[in-house]
There are 2 protein chains.
Amino acid sequence: MTRLWDVGADNQPHVDGDVVTKAGQARPTLADVAKRAGVSGSTASIAFSGVGSISEATRSRVLRAADELRYFGPDPRARSLRQGRSGIVGVVLEDRVLHSFRDPMTIAVLDGISQELDAEHGGMLLLTSTGVGESTIQSAVFDAAVFLGCSPHLRRSIEVMRQRNIPMVAIEGQPFDGVLSVALDNREASARLAAHLHGLGHRAVATVTLPMDARRELLELDASVVAGATTAVSIDRLAGAREVYPALGGFVAANSSSDEGYAAGLRVLGAGGGSGRPTAIMAQSDLLAVGVIRAAESLGLRVPADLTVVGFDGARIEGLSDHDLTTMVQPATEKGRAAGRAVTELLAGEHPPDVAFTCDLHIGTTSGPPHR
Amino acid sequence: MTRLWDVGADNQPHVDGDVVTKAGQARPTLADVAKRAGVSGSTASIAFSGVGSISEATRSRVLRAADELRYFGPDPRARSLRQGRSGIVGVVLEDRVLHSFRDPMTIAVLDGISQELDAEHGGMLLLTSTGVGESTIQSAVFDAAVFLGCSPHLRRSIEVMRQRNIPMVAIEGQPFDGVLSVALDNREASARLAAHLHGLGHRAVATVTLPMDARRELLELDASVVAGATTAVSIDRLAGAREVYPALGGFVAANSSSDEGYAAGLRVLGAGGGSGRPTAIMAQSDLLAVGVIRAAESLGLRVPADLTVVGFDGARIEGLSDHDLTTMVQPATEKGRAAGRAVTELLAGEHPPDVAFTCDLHIGTTSGPPHR
DNA sequence: GGCCGCTATCGAATCGATTCGATCGGCCCA
DNA sequence: TGGGCCGATCGAATCGATTCGATAGCGGCC
């Protein structure tokens with residue numbers, strides 16, 4: 001029967017039925033608590049924050065008053081204005097949430113971040129960098145930002161944050177001034193993987209790459225695509241592979257999923273027909289590789305007898321049935337952890353260095369010498 | 001020569017070698033912009049927010065001044081204090097981020113939420129409800145909260161939010177006063193699934209349930225576990241199945257994963273040995289079902305010839321090899337969407353009703369009549 | 001010609017806390 | 001006994017915007 005303020009939008013207190021304890025009894029503030037406890041606002045603040053000295057008697061008097069008024073602690077908004085800190089870390093995803101979450105690497109990285117943040121910080125604010133969202137990035141409350149594969153169109157947001165002294169960490173993004181980088185040596189790893197194939201005897205190799213730019217469609221990998229590429233990861237992995245196979249061609253996937261891998265796999269394998277067909281396919285992610293294997297098998301090719309397929313990531317995807325994918329295993333959770341730690345340090349005023357990780361080559365059962 | 005604000009933690013100004021335009025040129029505020037444009041703060045505010053009338057000439061003068069000072073718009077913290085709105089929606093997960101993200105249902109729900117929020121709101125703040133995290137829930141800045149499978153130990157946080165007039169929506173949680181509920185009719189769906197098995201002729205049936213309480217360990221399903229259960233979903237799904245099989249027993253999994261399903265499957269199938277072995281197993285999630293199938297196959301049982309296995313969710317998990325899992329398909333993304341819409345409406349001061357969804361029975365290839 | 005009403009603008013109050021500097025005792029030690 | 005110091009407390013300033021009420025100017029209408 002009594003509801004003192006509306007669930008509604010604005011702050012306007014609004015009495016709406018009935019009995020009321022005291023006049024104007026809107027949501028209590030620290031000042032109300034202080035008054036009731038008979039202390040000043042500053043003292044009441046200390047009772048809650050614990051910063052500064054206060055006698056035990058006073059503290060408990062304040063807390064009791066708070067209890068009586070059903071005051072549950074300082075308003076986070078006011079606190080964050082005054083302190084300049086909100087305890088929130090923004091995580092900027094390139095894609096729509098769904099796509100990002102379907103990628104096991106992204107999830108592992110997010111988990112790593114959250115492991116390191118749990119203790120001190122309030123939570124991860126998920127933001128997307130696509131179109132409209134960008135204004136959001138500039139109007140949301142957070143203390144530090146982590147970019148997951150940020151592309152250059154974030155330039156303006158980055159400038160805004162820099163101006164606001166918001167520390168930034170980029171995981172696998174293009175290096176930006178003032179943005180700490182946590183990355184993999186994708187080029188070296190990819191070259192090592194290509195060398196493995198070369199060592200097995202493969203000479204006719206094709207690739208299925210991750211998206212190269214904001215366009216999200218299946219494209220043939222040609223010079224113009226590479227020239228206009230903005231995605232550092234794809235570029236570096238391609239460059240590494242081309243250290244071994246300079247003319248490496250193939251297709252650019254629309255996203256990292258096994259369905260895309262399947263589609264791209266069909267194109268790669270269909271194109272050549274007989275003799276033009278590659279003996280090995282390097283997919284830039286494990287999800288893509290799984291799709292490529294499905295495509296190969298649907299065309300009656302056996303892996304690895306007729307076709308070698310290697311991935312990248314070390315995602316340990318379930319349901320590859322009998323295959324154990326040959327891939328470069330990257331420390332995804334560790335990348336997230338490193339980013340989380342970097343955020344913590346930056347917020348503490350330290351100046352941690354960039355972080356670079358390397359990959360481990362996992363030789364599974366999907367790679368072997370070329371047929372005949 | 002002077003830069004007043006360091007990237008560092010606290011607000012302490014800190015000079016560190018640089019060119020400077022004017023003394024005390026810290027991060028500019030709206031007041032600085034107003035002064036430079038020769039207008040009052042209120043007018044400058046209108047120029048940015050667009051709320052209120054302003055002449056085109058004045059507006060552009062303000063914007064030009066802002067440009068010159070490299071002022072990029074109002075500080076989100078101050079704005080959120082004044083307006084009482086931050087544009088952030090808190091999403092409270094029961095588990096650690098990693099576990100939540102490994103569950104395809106959770107991801108689908110999150111995606112649904114974000115679809116509906118994209119337009120108006122700033123982003124999703126991920127919070128976890130475990131232990132320490134709870135204080136975080138009370139000290140983080142957000143306008144509305146969505147609980148994903150919230151358990152009773154959140155009672156206090158819920159009280160705090162209610163007191164702060166933060167609208168709350170619970171997806172698949174216990175009904176709480178003042179918390180809008182978006183849920184599935186788990187009981188009905190589970191009963192329907194059980195009826196399907198009964199119709200096929202199964203009489204010896206066992207179950208592998210989702211966790212029943214905060215303990216996360218593999219347990220035998222007995223009366224005491226059920227009595228102490230706190231997780232609405234598990235309870236309801238069990239109750240539904242027991243409408244058809246009143247004495248239904250089995251095991252309680254530690255989490256929803258195929259590994260757990262495997263472990264639980266071994267226990268269920270190992271226990272009885274020959275004649276006591278069930279002819280069908282109802283798993284409370286598809287992930288668990290996948291594990292149960294693996295367990296069955298590792299024991300030399302064929303599905304569905306020797307054992308029928310059904311799941312719940314309709315997760316379309318890749319890598320079930322040849323099986324098409326019989327399951328109750330729930331509209332997970334829709335649940336998220338409904339929650340997102342509810343949040344929007346609640347924030348607009350409306351009073352939307354609870355939402356209930358139903359499931360579709362998908363009959364795949366993992367269920368059939370009992371052997372012999 | 002006077003009044004009405006609208007637009008553009010301003011000044012001051014406000015959101016709810018934290019924090020800086022000052023004050024006031026009490027206690028210790030010389 | 002007095003100086004110095006430390007702990008507890010208070011008042012006032014501050015964080016950076018938004019918003020309310022008031023005012024000035026100006027055109028239109030009767």
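A quick note: this is a predicted structure, and the numbers were derived from the prediction, not measured. FYI, side chains are in, hydrogens and waters are out, and symmetry mates aren't considered; it's all heavy atoms of this structure. Each chain gets a letter, A, B and so on, in the order the sequences are listed, and its residues count up from 1.
- When each of C:dG16, D:dG16, D:dC10 is scored by its nearest atom to the side-chain atoms of A:V39, the top-ranked nucleotide is D:dC10.
- In this model, no side-chain donor or acceptor of A:R79 finds a partner on the base of C:dT18 within 3.5 Å.
- Counting to the nearest Å, the P atom of C:dG16 and the CD atom of A:Q83 are 17 Å from each other.
- Atom-to-atom, CZ of A:R77 to P of C:dT14 comes out at 19 Å; the value is rounded to the nearest Å.
- Between B:V89 and B:D143 the shortest side-chain heavy-atom distance does not fall below 4.5 Å.
- Atom CZ in B:R85 sits roughly 12 Å away from atom P in D:dT19 (whole-Å rounding).
- Considering only the side chain of A:S40, D:dG11 comes nearest among D:dG11, C:dA17, C:dT19.
- Across residues 45-56 of chain A, A:S53, A:I54, A:S55 each have a non-hydrogen atom less than 4.0 Å from an atom of DNA chain D (numbered order).
- Using a 4.0 Å heavy-atom cutoff across all strands shown, B:T58 reaches sugar-phosphate atoms only and no base atom.
- We find that CG of B:D32 is positioned 13 Å from C1' of D:dC15, with the value rounded to whole Å.
- Side-chain proximity of B:S42 to D:dG11, D:dA17, C:dA12: nearest is C:dA12.
- Within the 4.5 Å cutoff, no side-chain heavy atoms of B:P167 are placed close to those of B:V343.
- Atoms CG (B:L81) and P (C:dG16) sit 7 Å apart, rounded to a whole Å.
- Remark: P of C:dC15 and CG of B:L30 are 19 Å apart, rounded to the nearest angstrom.
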